[in-house]
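Keep in mind that the numbers below use all heavy atoms, side chains included, and drop hydrogens, waters and symmetry copies. Predicted model, so just to flag it, every value in this text is computed and none were measured.
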Amino acid sequence: MHTRTTIARCTASLLLLAAWTSDRTSAQTITEIGVLHGHNESGASGINGNGTAVCGYSAVTGGISRAIRWTSTGGILNLGTVVPTHQTSFAAAISDDGQIVVGESYTIGIGQPLRAFRWTQSTGMVGLPLGNFHDQAMGISADGSTILGQSNYYAVKWTNSGTTLTYLGQIGPTGASYSVGSNSNGSFIAGYGALNFYRQVGMWTPPAPPQIVGTVFPNDDTWVTSMSRDGGTVVGFSGYFSSTRRAMKWTPTTGLVDIGLATITPGDQTSFGAVTSEGIASLGWATYSGNQAAVHWTEIGGFWDLNSYLASWGVNLTGWTLTECTGVSADATALCGNGYFNGQKRGWVVRGLQPVCGALVYMQPQNVEACVGTTATLLTIAYAPTIPLGPGTGIKFQWARKYIVANVPFYLPLTNGPNGNGSTYGGVKTPNFTISNVQPLDAGEYVCLYDAGCGQTISLVATLTVQEGPPQLFFGPSDQSACSTGSVGFAAAATAANTPHSYQWECESPANSNTWVPITSGSTLPSFGVGGATVLAVNNPAIGIVATNSLNGLNNRKVRCAITNACGTTYTGSAIIKVCLGDANCDGIVDDSDFVDFALAYDLFDCADPNMPPGCPADLNNDGYVDDADFVLFVNAYDSLICP
């Protein structure tokens, strides 16, 4: 459907993710739609099915505007006004074939009536049948059969080439109602209207009365801007006058859903004005720290700024700032919207984008590890392309196991049920493939075959590793010694049996508590409750701790390693960090030369003193001062002489 802030349909494949690697070698171009003579700004509100025609307006800033139709062959065309005395007009929507444009025409001023219009090349701009004083065309079905809008603030539709006006019924007993968008043939319509002091979503299946859907948030407005061609998704925004504008989405399954903000910056807003024919992707705008940008959104990918997204497709956006996307062509090769070109407000059209044939894979299946007797799940996420298989079918999935014979790989399609290995396959024709009661013979390589209507494609290989038990320990860490300004390391390993999935080093915190917490990498040791060192490789068989200030606070602290696979976790024994307190020169003994260093630090007292040696290694109890308590510790170390 098409509306003032949206257009017909698009394919999800065009707008899902910039990470998709398609052939982008053809010429993708952006074109400004221009302005009429004497005007200085323009905007695009809708695009036809193949991207060759756009509707919108050309205007003088803050003043008179004219409805326009832009074509790739003829450029910008002034559509005029319904009557000569009207000062301004605006084109809200265009049919998929580009032959019908609808909108409104009026004279600026309080109490001046709006006139809805329908324009074709043969008839020019023709006023639609009047309801009562105030009429507005806000959208059109993709096939051009149904024009949507309001008459004197009552939701209506025009049919039979715009000659028949039908009232759709009010959402509330009082207040305005508007029909905005529809499915491809106009049989299912969405809009909004006032009820209990707030704008609420409503839907019509003529001639039935409207179904009241409600609001996203209690005591706030919710506005509809677009419906998907299949009628399964409605988008718009909540808020407006009374609160921050936030994009919203409706499906029969989820109901009204708040999509939220593109960022967490206070005051930022989002709004949807268009939705793909399948309802997978939504289009509109968002503000980032107050700066508005054209965006698209998907359930999985979230918000994407079209300024960077289109540039990644090879579109040269030099001079452009895209602030809103208002439409995508039906064949997924063109977009339209609004923005600024070299500082001038202009509507834009992007054409020449590559259509997609075959599955668009958002997430490849990943390697999986499972324990004998459990359930393994392989997951992929893929969408139908520009060439769907037909209504309600979309993409097909088929999981297969990879075999290699004489160095030639082949793929054996799988069927649901017992597989002869003692386990059972499930979901072999869905994105979620499961192997229940996994057995050792299930270990191997699997792929998903995608059939999206124009040839079969194959996913990347996912390897299933089957474990028969938890890791078996080969050796664990041993006690280690270090000086205050040195480093220390620990190592552990499992045997080759039941190859470990991961290593995680842990520390006892607080000391002597027998409570173990994971050690995290970084420039301090918050998991130990002390600072002064950098931790390296906490998820590897060997861990390193390097002093950045002093290791004194780690003296007599314990570490261990947790080695984990799909069957469980094996813990090593604990090892102790022995810091040689007082060994300032790190020579392995505490002697007279260390006493000289300690005495100098003792005289300075405060570790914050700029003359204190880096790291304050003489602060043996790690309290920030070199005092008598440290002297007692130093004497004990001095008497022992040899570092532990």
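- The backbone N or O of C448 sits less than 3.5 Å from a side-chain atom of S459, completing a donor-acceptor pair.
- Residues I30 and L322 meet the side-chain proximity criterion, which asks for heavy atoms closer than 4.5 Å.
- In this structure, L449 CG and K429 NZ are separated by 9.5 Å, a value rounded to the nearest 0.5 Å.
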Assess the residue pair D96 and N48 against the criterion (side chain to side chain contact (heavy atoms under 4.5 Å, CB included)); give the C-alpha distance rounded to whole Å, side-chain angles, the decisive distance to 0.1 Å, and a yes or no. CA-CA 4 Å; D96 257 8; N48 74 328; 5.7 Å; no
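- The backbone N or O of Q472 sits nowhere less than 3.5 Å from a side-chain atom of T570 that would complete a donor-acceptor pair.
- Within the 3.5 Å criterion, the main-chain N or O of Y340 finds no donor-acceptor partner in the side chain of W348.
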Would V224 and M248 count as a side chain to side chain contact (heavy atoms under 4.5 Å, CB included) if you check the C-alpha gap in whole Å, the side-chain angles of each, and the deciding distance to 0.1 Å? CA-CA 9 Å; V224 167; M248 78 84 181; 4.1 Å; yes
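- Between the side chains of S141 and D143, a donor-acceptor pair is found at a separation under 3.5 Å.
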Test side chain to side chain donor-acceptor pair (under 3.5 Å) applied to T430 and N432, step by step: CA-CA 5 Å; T430 73; N432 298 279; 5.0 Å; no
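- In this structure, CG in L310 is found 8.0 Å from SG in C325, a value given to the nearest 0.5 Å.
- Within a 6.0 Å sphere centred on OH of Y288, other residues, nucleotides and ligands contribute more than 12 heavy atoms.
- For the cysteine pair C371 and C567, the distance separating the two SG atoms is below 2.5 Å.
- A salt bridge (charged side-chain N to carboxylate O under 4.0 Å, His left out) check over residues 566-575, counting only residues at least two apart or in different chains, returns nothing.
- Within the model, atoms CG of N540 and SG of C561 stand 9.5 Å from one another, a figure rounded to the nearest 0.5 Å.
- Residue pairs meeting the salt bridge (charged side-chain N to carboxylate O under 4.0 Å, His left out) criterion with at least one member in residues 250-274, sequence neighbours excluded, are R246-D258.
- Counting only distance, with no hydrogens or angles, the side chain of T225 and the backbone of A274 share no donor-acceptor pair below 3.5 Å.
- Distance alone, capped at 3.5 Å, places no donor-acceptor pair between the E445 side chain and the K402 backbone.
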Residues 405-420, side-chain donor-acceptor partners within the protein, below 3.5 Å, at least two apart:
{"residue": "N416", "atom": "OD1", "partner": "G427", "partner atom": "N", "Å": "3.0"}
{"residue": "N416", "atom": "OD1", "partner": "V428", "partner atom": "N", "Å": "3.1"}
{"residue": "N419", "atom": "OD1", "partner": "N421", "partner atom": "N", "Å": "2.8"}
{"residue": "N419", "atom": "OD1", "partner": "S423", "partner atom": "OG", "Å": "3.2"}
{"residue": "N419", "atom": "ND2", "partner": "S423", "partner atom": "OG", "Å": "2.8"}
{"residue": "N419", "atom": "ND2", "partner": "D442", "partner atom": "OD1", "Å": "3.4"}

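- The shortest side-chain heavy-atom distance between R351 and T52 falls under the 4.5 Å cut-off.
- Here the closest non-hydrogen pair linking G98 and A53 is CA-CB, 4.4 Å.
- Rounding to the nearest 0.5 Å gives a distance of 10.5 Å between CH2 of W399 and OG1 of T434.
- Remark: side-chain polar atoms of S228 are not paired, donor with acceptor, to backbone N or O of G279 under 3.5 angstrom.
- Using a distance-only test at 3.5 Å, with no hydrogens or angles considered, no donor-acceptor pair links the side chain of N338 to the main chain of E324.
- The CZ atom of R245 lies 12.5 Å from the CG atom of L261; values are rounded to the nearest 0.5 Å.
- A pairwise comparison of heavy atoms in T326 and A44 identifies OG1-O, 3.0 Å as the closest pair.
- In this structure, the side chain of T380 engages the main chain of M363 through a donor-acceptor pair within 3.5 Å.
- Using a 3.5 Å distance cut-off with no hydrogens or angles, the side chains of Q439 and N437 do pair a donor with an acceptor.
- Between the side chain of W320 and the backbone N or O of F341 there is no donor-acceptor pair closer than 3.5 Å.
- To the nearest 0.5 Å, atom CH2 of residue W516 and atom CD of residue E508 are 5.0 Å apart.
- Nearest heavy atom pair, residue V235 against residue F272, reads CB-CB, 3.8 Å.
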Given side chain to side chain contact (heavy atoms under 4.5 Å, CB included), test E369 with N565 step by step and report yes or no. CA-CA 8 Å; E369 184 184 16; N565 68 11; 3.2 Å; yes
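- Proximity of a side-chain donor or acceptor of T270 to a complementary backbone N or O of A247 within less than 3.5 Å is detected.
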Evaluate side chain to side chain contact (heavy atoms under 4.5 Å, CB included) for Y450 paired with F397, printing each intermediate quantity in order. CA-CA 5 Å; Y450 310 105; F397 300 85; 3.8 Å; yes
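- Across every non-hydrogen atom of A262 and F303, the tightest pair is CA-CD1, 3.6 Å.
- Between G568 and P471, the shortest heavy-atom distance links the atoms O-CD, 3.6 Å.
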